[in-house]
Amino acid sequence: METTAAERILARLEAGADAYACGGYLAGRNDLQRTELFTALLFDRLARKMRLVEALRKEADDNWNQTFYLLYFRTLGDRQNQEAYLSLARRVPYRTVLRERLAPHAVEAMLFGASGLLELYKHDEYTLDLRREFEHLSAKYGIEPMDASAWELGNIRPANHPVLRLAQAAQFFTQDEFVMARTMACRTEGDIRTLFCIEAAPYWRTHHVPGAASDESPKRLGAFKAHIIGINLVAVLQFAYGSSTGDERLRDSALSLLERLPAEDNRFMRAWRQTGVPIRNAFESQALLQLATEYCAAKRCAECPIGRRILRSCNNPETRN
């Protein structure tokens with residue numbers, strides 16, 4: 001049986017899905033046309049992320065502060081430790097952190113003690129004090145520590161090591177009682193950096209891991225990680241909370257924030273750029289990430305917004321531009 005032009009093009013798209021065969025088509029669209037396509041993909045991605053938020057919210061008994069807290073920890077580290085961070089956030093819930101917020105050292109002791117990570121390193125006066133403080137607080141709040149084996153520590157950059165991330169998290173949650181409200185108020189890249197680029201306690205200026213001194217340097221959560229938090233925590237939570245409360249302005253703010261944040265720099269974006277697709281901001285990089293992971297990876301070219309547009313143009317030459 002003779003194949004149609006659309007069937008041949010679909011076969012080529014599916015065969016080239018791993019190399020983003022639709023990239024040339026995207027690159028040839030004007031800004032308005034790409035924005036239309038990207039918007040559909042972005043809403044796909046936000047719908048998936050909102051399902052995660054709703055699952056965390058259900059777990060948190062509809063408490064938005066605890067939902068924010070869980071999502072923060074899930075976003076804080078690398079992908080391979082997401083479940084470990086979530087387990088820690090469940091063992092030391094936000095309400096417990098708030099009760100000790102005026103004593104940052106106590107919050108740090110709870111996070112490190114509950115993580116089990118202190119058991120992996122030799123101790124000095126500072127870490128022994130953290131252990132003693134945790135013994136008291138674990139009895140007070142009934143905190144059961146994790147097994148340190150829950151953490152994947154191989155091939156992790158020092159700046160993204162769970163030890164450093166937990167030290168930064170302790171400072172983040174002791175800076176202000178209303179961090180979720182401040183998160184909902186973020187509108188710019190500068191707002192994200194101001195809120196999230198927190199420096200760990202002074203001890204960590206001379207330590208990468210507990211008990212081992214290193215050259216002095218500030219251990220501040222960097223702009224790159226703050227942007228990731230802006231994309232995967234702030235914008236998502238604003239969109240989810242706005243959807244839940246019927247606040248369209250907050251939903252619009254989430255989309256505007258993505259337009260103001262820089263695009264991610266990862267293997268997916270580098271591959272898209274090689275096909276000629278310009279990527280101007282996080283709104284567009286999130287759309288392309290959705291395209292790559294949900295459609296291209298599964299060769300779902302006939303279902304994705306780009307593939308459908310290409311196939312329609314085969315049947316109707318007037319729609320090619």
Using distance only, find each side-chain donor-acceptor pair of residues 152-163 under 3.5 Å and give its atom names and separation, not counting sequence neighbours.
residue	atom	partner	partner atom	Å
Asn160	OD1	Arg165	NE	2.9
Asn160	OD1	Arg165	NH2	3.0
His161	ND1	Val163	N	3.1
His161	NE2	Tyr121	OH	3.3

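- Side-chain contact between Leu166 and Phe73 is present, with heavy atoms from C-beta onward closer than 4.5 Å.
- With Arg300 contributing its side chain and Glu294 its backbone, the two residues share a donor-acceptor pair below 3.5 Å.
- Between Ile143 and Phe134, some side-chain heavy-atom pair lies under the 4.5 Å cut-off.
- Counting only distance, with no hydrogens or angles, the side chain of Arg91 and the backbone of Pro145 share a donor-acceptor pair below 3.5 Å.
- To the nearest 0.5 Å, the span separating NE2 on His136 from CE on Met110 amounts to 10.0 Å.
- Rounded to the nearest 0.5 angstrom, Leu70 CG and Asn65 CG are separated by 11.0 Å.
- A donor-acceptor pair under 3.5 Å is formed between the side chain of Thr183 and the backbone N or O of Val179.
- The pair Arg29-Glu36 fails the salt-bridge criterion, with no side-chain N (NZ, NE, NH1 or NH2) lying under 4.0 Å from an Asp/Glu carboxylate O.
- Contact check for Glu189 versus Ile192: no side-chain heavy atoms found under the 4.5 Å cut-off.
- We find that Lys140 and Glu100 are joined by a salt bridge, their nearest charged nitrogen and carboxylate oxygen being less than 4.0 Å apart.
- Note that the CZ atom of Phe68 and the CG atom of Leu233 stand 5.5 Å from one another [nearest 0.5 Å].
- Side-chain contact check for Tyr241 versus Asp247: every heavy-atom pair is 4.5 Å or farther apart.
- Side chain of Lys219 to backbone of Glu199: no donor-acceptor contact under 3.5 angstrom is found.
- Cys301 has its side chain out of reach of Tyr295: every pair of non-hydrogen atoms, C-beta onward, lies at least 4.5 Å apart.
- Remark: Arg308 CZ is packed, more than 12 non-hydrogen atoms of other residues, nucleotides or ligands lying under 6.0 Å away.
- You'll find the side chain of Asp61 stays beyond 4.5 Å of the side chain of Gln66, heavy atoms only.
- Formation of a donor-acceptor pair under 3.5 Å by the Arg74 side chain with backbone atoms of Leu86 is not found in this model.
- The backbone N or O of Asn30 lies less than 3.5 Å from a partner atom in the side chain of Gln33, making a donor-acceptor pair.
- Listed for the Lys225 side chain is a donor-acceptor partner under 3.5 Å among the backbone atoms of Leu76.
- Relative ring orientation between Tyr69 and Tyr94 is described as tilted, the plane-to-plane angle lying within the 30° to 60° band.
- The side-chain heavy atoms of Ile229 and Leu221, taken from C-beta on, include a pair separated by under 4.5 Å.
- Cluster membership for Phe224 and Phe172, using ILVMFWY side-chain heavy atoms within less than 4.5 angstrom, is not shared.
- Contact check on Glu248 versus Arg251 returns a salt bridge, with a Lys/Arg side-chain nitrogen under 4.0 Å from an Asp/Glu carboxylate oxygen.
- A donor-acceptor pair under 3.5 Å is formed between the side chain of Glu7 and the backbone N or O of Thr4.
- Salt-bridge annotation for Glu216 and Arg205: present, with a side-chain N of the basic residue lying under 4.0 Å from a carboxylate O of the acidic one.
- Side-chain N or O atoms of Arg187 include one that pairs as donor or acceptor with a backbone N or O of Met184 at under 3.5 Å.
- Checked for salt-bridge contact, Asp31 and Arg34 meet the test: a charged N lies under 4.0 Å from a carboxylate O.
- Looking at Arg57 and Glu54, a side-chain N of the basic residue comes within less than 4.0 Å of a carboxylate O on the acidic one, giving a salt bridge.
- For the residue pair Glu133 and His105, no side-chain donor N or O sits within less than 3.5 Å of a side-chain acceptor on the partner.
- Note that CD1 of Ile228 is 12.5 Å distant from CG of Asp78, once rounded to the nearest 0.5 Å.
- Between Tyr203 and Tyr126, the two ring planes are parallel [angle under 30°; tilted spans 30° to 60°].
- Ring geometry, Phe196 versus Tyr72: the interplanar angle falls under 30°, so the pair is classed parallel (tilted spans 30 to 60°).
- Hydrophobic clustering places Leu257 together with Leu250 (ILVMFWY residues linked when any side-chain heavy atoms are closer than 4.5 Å, directly or through intermediates).
- Just one residue in the list Gln171, Gln168, Glu108 forms a side chain to side chain donor-acceptor pair (under 3.5 Å) with Trp204, and that residue is Glu108.
- With rounding to the nearest 0.5 Å, the separation of NZ in Lys122 from CG in Leu128 is 12.5 Å.
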Could you walk me through whether Val209 and Leu120 pass the side chain to side chain contact (heavy atoms under 4.5 Å, CB included) check?
CA-CA 10 Å; Val209 294; Leu120 299 178; over 6 Å; no
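- Judged purely by atom type and a 3.5 angstrom limit, Ser256 has no side-chain atom pairing as donor or acceptor with the backbone of Ser253.
- Taking CG from Leu288 and CG from Leu26, the interatomic distance works out to 6.5 Å, rounded to the nearest 0.5 Å.
- For residues 281-292, the side chain to side chain donor-acceptor pair (under 3.5 Å) pairs, not counting sequence neighbours, are Arg45-Gln286, Arg45-Gln290, Lys49-Gln286, Glu264-Ser285, Glu264-Gln286, Arg280-Glu284.
- For the pairing with Thr127, the side chain to side chain donor-acceptor pair (under 3.5 Å) check across Arg131, Glu125, His123 returns one residue only, His123.
- Ring centroids of Trp272 and Phe38 are separated by 6.0 Å or more, keeping the two rings apart.
- If you chain together hydrophobic residues whose side chains sit under 4.5 Å apart, Leu130 and Leu137 fall into the same group.
- At least one side-chain heavy atom of Asp265 sits under 4.5 Å from a side-chain heavy atom of Arg270.
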